[in-house]
Amino acid sequence: MARLVMKNLFDSQICVDCDLPCHIGSGRFVNRYPVYNDDVEGWRCGDCAAEVDALLEELQND
Ligand SMILES: [Zn+2]
C-alpha cells in the first residue's frame with residue numbers, strides 16, 4: 001500500500017494549524033500539545049488549541 005510521506009513538524013516546532021513557531025518563549029508554547037494526523041504530526045500551539053477547544057465546546061452545546 002502506498003503511503004504518503006508524513007510531515008513531521010516536531011523538530012521544527014511549527015504549529016500544524018497556523019504554521020507559526022510554538023517553541024518555548026514564542027508565546028505559543030503554553031498549552032501546546034502533540035497532534036498525530038494521517039499526513040502530519042507535530043505540535044498544535046496554545047492559540048490553536050484554545051480555538052479547537054472553543055469549537056468543541058460549541059458543538060457540545062448544540
Ligand atoms: Zn497554531
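Note that ligands are numbered from 1 as they come in the structure, with each ligand's atoms numbered from 1 the same way. The shown structure was predicted, so the numbers you read here are calculated from the model rather than taken from an experiment.
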Q | Met6 versus Asp38, closest heavy-atom pair with distance | A | CE-O, 3.7 Å

Q: Over all heavy atoms of both residues, which pair between Asp19 and Val16 is shortest? Give the atoms and the distance, please.
A: OD1-O, 4.5 Å

**Q.** Under 2.8 Å from the Zn ion (ligand 1), the protein N, O or S atoms, given as residue and atom
**A.** Cys15 SG, Cys18 SG, Cys45 SG, Cys48 SG

Q.
I want to check something: taking the side chain as every heavy atom from C-beta on, are Trp43 and Cys15 in contact at a cut-off of under 4.5 Å?
A. no

Q) Can you name the nearest heavy-atom pair linking Ile24 to Gln13, along with the distance? A) N-OE1, 4.4 Å

(Q) Side-chain heavy atoms nearer than 4.5 Å, only ILVMFWY residues, links allowed to pass through others: does that put Val52 and Val40 together? (A) yes

Q: Kindly say whether Cys22 contributes a backbone atom to a donor-acceptor pair with the side chain of Arg32 at under 3.5 angstrom?
A: yes

